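Let me begin by presenting the structure, written as structure tokens, before commenting on it.
What you are looking at is a predicted structure, and each value in this text was computed from that prediction instead of being measured.
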Number of protein chains: 2
Amino acid sequence: MDLEKKDKKESILLATLELVAEHGFHGAPTAMIAERAGVGIGTIYRYFDDKDMLIYEVHRELELKICEYILSGFQEEYSYRQRFVYFCSVLLQYLIDNPKEFKFMEQFYNSPYGVELRRDRIFSEAPECENSCILKDLFEQGRKHGLIKDVPLLIFFALVFGPIIAAARDHILGFITLDDNLIGSFVEACWDSVKK
Amino acid sequence: MDLEKKDKKESILLATLELVAEHGFHGAPTAMIAERAGVGIGTIYRYFDDKDMLIYEVHRELELKICEYILSGFQEEYSYRQRFVYFCSVLLQYLIDNPKEFKFMEQFYNSPYGVELRRDRIFSEAPECENSCILKDLFEQGRKHGLIKDVPLLIFFALVFGPIIAAARDHILGFITLDDNLIGSFVEACWDSVKK
DNA sequence: ATATATGGAGTGAGCGTTCACTCCGTATTG
DNA sequence: CAATACGGAGTGAACGCTCACTCCATATAT
């Protein structure tokens with residue numbers, strides 16, 4: 001049935017996410033993915049053309065999920081600063097609450113997969129729904145109203161995503177503990193870096 | 001002779017740096033390293049126990065080189081703020097001037113090699129000379145004199161290294177062009193994020 | 001009965017590493 | 001001053017292993 005089909009596909013996607021997060025791309029062979037998903041090796045290739053496509057689909061699903069999660073809590077009545085702080089706090093909290101998803105994303109964006117995806121998006125202006133799109137909106141609004149520094153979009157991204165990803169990584173690796181208090185002052189520091 | 005010995009070893013280290021930077025760890029097989037270095041495959045194992053040790057030695061050499069470069073320009077009469085800005089600017093400039101070294105370092109720190117090294121250093125207080133040691137000194141001085149925000153060391157690192165690495169990557173990938181002007185305002189933004 | 005879905009042994013390419021061998025500069029011998 | 005023996009750096013074909021992916025016998029659904 002269609003339902004079972006979906007179950008198998010979902011199992012494979014989940015197994016891939018977990019194994020890549022735990023051991024990296026090269027520590028997640030197809031045989032291991034199949035075993036964790038409870039399917040045969042060949043079954044993977046019924047649902048995905050090859051391993052690359054499988055990786056891309058895991059990424060796409062995660063991106064949608066994170067984007068949806070962040071947008072679900074956005075309050076329109078927030079001030080600009082409040083929306084910025086909300087975005088950073090919620091993203092950081094999501095990442096440390098979902099370490100496997102974070103680790104997969106890290107692997108992805110530090111590989112040719114992620115680099116090519118970014119290149120396409122930057123140079124083709126394709127506004128595919130992704131969490132960076134939310135931040136892009138924040139950037140454009142902030143620039144329009146003169147609330148943030150006069151820097152290019154990607155510098156703004158570097159100032160926001162850079163620290164957030166570094167902090168999330170160190171928390172997940174157990175190098176530091178990010179509690180609500182620390183997240184608060186950390187995000188405040190991020191705001192200081194971009195505000196005019 | 002001793003000189004020729006060193007030449008071979010240096011050739012292997014350089015070839016490894018370049019190939020890992022260009023194609024990643026798994027795109028730099030020993031056969032390719034040997035070919036680029038102009039030596040036989042077996043010769044690699046005369047100088048290095050295994051591929052892991054080769055990778056570690058490349059990292060160690062780079063770390064020393066960068067550290068030395070940054071320290072060479074440090075002026076003691078600089079104010080605290082000037083020293084912070086100098087550190088960030090020079091580090092960023094070095095990274096974009098040496099894209100292969102940057103890419104190798106990125107690969108290294110995003111792999112189990114780098115994670116284990118960081119873990120050892122964080123939990124053993126081993127003060128091996130590395131560029132993060134310079135920043136650690138800046139952190140301690142800043143905290144002592146109440147010039148920077150009251151955050152833990154690793155949060156300070158995240159606020160400084162995070163944006164710098166993100167910006168360097170985007171420049172090297174050709175997504176953005178960092179000229180002196182932009183580096184100036186970018187580093188200024190980093191300072192805003194850490195200053196009290 | 002036919003069509004579709006599944007599983008996993010099999011395949012060949014590519015990997016890190018080894019080891020039997022080749023030089024060739026130096027030491028020893030007559 | 002030859003002639004000879006030696007040691008160890010240098011080499012790359014070969015090895016054992018793992019990988020992504022294929023293919024077809026079997027199971028399930030219609």
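Atom P of nucleotide D:dA20 and atom CD1 of A:I44 are separated by 9 Å, given to the nearest angstrom. Summarising the geometry, the separation between CD1 on A:I12 and C1' on C:dA5 is reported as 12 Å, rounded to the nearest angstrom. Distance, B:F48 CZ to D:dA9 P: 15 Å, rounded to whole Å. Remark: P of C:dA5 and CG of A:D7 are 15 Å apart, rounded to the nearest angstrom.
B:E106 meets the salt bridge (charged side-chain N to carboxylate O under 4.0 Å, His left out) test with B:R169; sequence neighbours excluded.
Side chains of B:Y94 and B:E101: a donor-acceptor N/O pair is present below 3.5 angstrom, by distance only. A side-chain donor-acceptor contact under 3.5 Å links A:Q141 and A:R83.
A parallel orientation is assigned to the rings of A:Y113 and A:F108, their planes being inclined by less than 30° (bins at 30° and 60°).
When each of A:I33, A:L62, A:I12, A:I55 is checked for a side chain to side chain contact (heavy atoms under 4.5 Å, CB included) with A:L17, only A:L62 meets the rule.
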Any chance you could list the contact pattern along nucleotides 7-23 of chain C? Use B for base contacts, S for sugar-phosphate-only contacts and - for none, protein heavy atoms under 4.0 Å, 5' to 3'.
-> BB------SBBB-----
Determine, step by step, whether B:I164 and B:V187 satisfy the side-chain contact (heavy atoms from CB on, under 4.5 Å) criterion, reporting the C-alpha distance in whole Å, the side-chain angles of both residues, the deciding distance to 0.1 Å, and the verdict.
-> CA-CA 8 Å; B:I164 288 176; B:V187 169; over 6 Å; no
